[in-house]
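Quick caveat, the model's predicted, so the values are computed rather than measured.
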Amino acid sequence: MKVVACYSMKGGVGKTATAVNLSYWAAAQGLKTLLIDLDAQGASSFYFRVKPGRKRWGKRFFQAYETLLEQIRASDYEGLDVLPAHLSFRNFDALLASLEKRKSRLRRILKGLRREYDLIVLDCPPSISHLSEAVFNAADLILVPVIPTTLSQRTFEQLLAFFADKGYADDAVVPFFSMVQRQKALHKTTMLHMRQRHKGFLQAVIPFARDIENMGEHRAPVAVFAARKPASKAYLALFDELWPRVRPKGKKR
Amino acid sequence: MSASAEAHYCLPQDCRPADVEAALGALGHVDFASLRREQLDVVDNFPGDIWADGGLLTRTRSGELCWWHEGRCALSLQAPSEARFWWEVPASPLREQLQRCIGLWSLMTRASVGLARKPLVLRNRDDKIVVRGEWCELAQMQTRFRVTALRGYAAEFARACEALERIGGTLVEPLDLRQWLGTSGLVPQGLELKGPYGIEAGEPAGAAVRRMARSMFELARRFEGGVIDDTDSEFVHQYRVSLRKLRSLLTLMKNTLPPDLPARAKGELARMAGAMGTLRDLDVFLLDQERYRQMLPGPFQPGFDALIAQVRRDRQRALSATRRQLRSTAYARRCDQLLQLLDAQPEYAAEAADKAVGRVASARILKRYKRIRAASLRVDASTPDAQIHAIRIECKKLRYMLEFFAELYPRSRLKTLSRALKRLQDVLGRFNDVSVQQGFLAAYAGRSQDDAQRAAIHGLIAVLHQDQLGLRDQAETELQQFAQDHVAANFSAMFGRNGA
């Protein structure tokens, strides 16, 4: 089982759209997939029309594995389950701060799911916090959407500096360009510049597209309502590029 | 990702999809997909070996083959619609399963079932799917509904089940298509190629043997249609095998029958087989053509192609002769005469006609084994091939005897002896085959005017001769094994006076 976190310190960069579409393609390609919506806003749960239970179970997230299992919901797509966010997830940082071994809590809790799933996708909230560190410890890949602008570049480099400072291996960090508008000179030059500075950028590029914005209206991954559009193809290309790193042993496509 | 829970309901005869829609509609929004009708063909070989083995193979009109095991489609693949033999199915576990089960027989449709399916989803207020289901009509005989629970939506699943019960749905086990086909009587009975013949150890041998002979003859006649239609090579093979077994039965048990019956019947049977011997030899060669092709280096391939073309033409001629013969009035008359001969009340009882068939069979089997054992013990490197072939024929008769009367003996003990005999026969059979094939090819070489063809034939003969030398050594070893004291002791224990 592989764990892929869709993470960025910055909000509005396409983390949730990536998590939703990546999960969809993984399941469509035969990987048993679980999307965990760690963001209390619950956007990816909303996209999959999955509502959390009424109980405020967030405080038991890192302690009671059975409770976590009870909260998993099937999506409308075969092979894809969703663990919906709950408003109580907003307290994760305070909760982790009160716990021992807080950095490894998430990793240990996810370990229990390896019998059931090939891939876990974490949709993370935009912050750098105890929860983020728990995610960095748990994830095999940290997928970072970067809008090719000066501010996003700065944020990405802050993340790399944080990794260096904390001694985390930065080869787990997999950046890719998101919300790209090729007609903008700034986007083009920033992409060129960043690709030169950081070798790990994926070739797949997610465009700024109305179809991605329309996910909220359709409440579905792009491929479901705009299968032939560039945005859908871009997410598939992203998954294709990740495939060698998330492929379960012996699994063929 | 845990397996989804399912519930299966048998719905009342007059229940329609609209009734289900109305019942589930109270729980949310129901989306019924359009009705998909499909024809499911139950395919098997002519004897029905897949079905007899507890399996089920189905084919849809789009060419999807599905191997059912314990009520579920365990193996499936898309096969070309013209695929009839196991080797025409793409390499897969299903092909291996077919190879084990149907041998050289072709697949044919044994029954057809009309299926109508209508998948359904139940959505909640957020338009999220909370329950899946499928309406299924089986051959317009039964209507079922399957409800599938989705993870995290157990309450909705339970409510959907209650709604189905309210419209008269009865909770049933998941549909086991094989079981259902079995009880519906849609699948015809298969053929038993090796008995049983319904005999009892204590009944008079004469009557039992005549009944067995009649049953073998009836079996042979069931292959006539496939021979005429040229469905596959097994029809010719099994027709000949059935007649050969019948001849052996009459010879081996002749002192239980009126003195003139075996000789007269065998005469009729020999004439019935007619040109089928040639047809079979040509089939055997063609079935093995890929193996032969691989034996020859590249420059011999054009000559081999010419040989194959010649063999195919000869086969067509032999088939035409066989068809003419099977359709002739002379053949029909011969069949009637044979049946009359087998059914006629004997004018006087033969020597062993009234003895218990079990005792007679045991004595014959043991005698045959002792004869083989004595001959085997005399075999060494200097023994002529003809003598080995003579032992092979004796072994075949012994195997037929064990097969004919198998139902009189404990299965497990008989299996041990049969296994030892089969191992020996396999080697002797291959030894004989390479010898026969060399003769077959030599005849073609003699007729051929084409140098390339003759070169290919001589190349094949050389390779087959090498095979024969290797098999000869193996045959000697297996004969020694079969003559060992413990095998002899087993035969005596089973078929001797105090045996089973």
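More than 12 heavy-atom neighbours from other residues, nucleotides or ligands sit within 6.0 angstrom of CD on B:Gln39. Within a 6.0 Å sphere centred on NE2 of B:His69, heavy atoms belonging to other residues, nucleotides or ligands number 12 at most. Around atom CD of B:Glu21, more than 12 heavy atoms belonging to other residues, nucleotides or ligands sit under 6.0 Å away. Atom CZ of A:Arg228 is surrounded by 12 or fewer heavy atoms from other residues, nucleotides or ligands within 6.0 Å. Crowding of A:Arg108 atom CZ: a count of heavy atoms from other residues, nucleotides or ligands under 6.0 Å exceeding 12.
Side-chain N or O atoms of B:Asp126 include none that pairs as donor or acceptor with a backbone N or O of A:Arg49 at under 3.5 Å.
Annotation for B:Arg132 and A:Asp76: closest pair NH2-O, 2.7 Å, computed over non-hydrogen atoms. B:Lys128 approaches A:Phe48 most closely through the heavy-atom pair CD-O, 3.4 Å.
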task = Please step through side chain to side chain contact (heavy atoms under 4.5 Å, CB included) for the pair B:Ile129 and A:Tyr77, ending with a clear verdict.
result = CA-CA 9 Å; B:Ile129 300 172; A:Tyr77 311 100; over 6 Å; no
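Interface remark: A:Val50 contributes backbone and side-chain atoms alike to the contact with chain B (heavy atom separation under 4.5 Å).
Salt bridge present: A:Glu116 and B:Arg151 bring a charged side-chain N and a carboxylate O closer than 4.0 Å.
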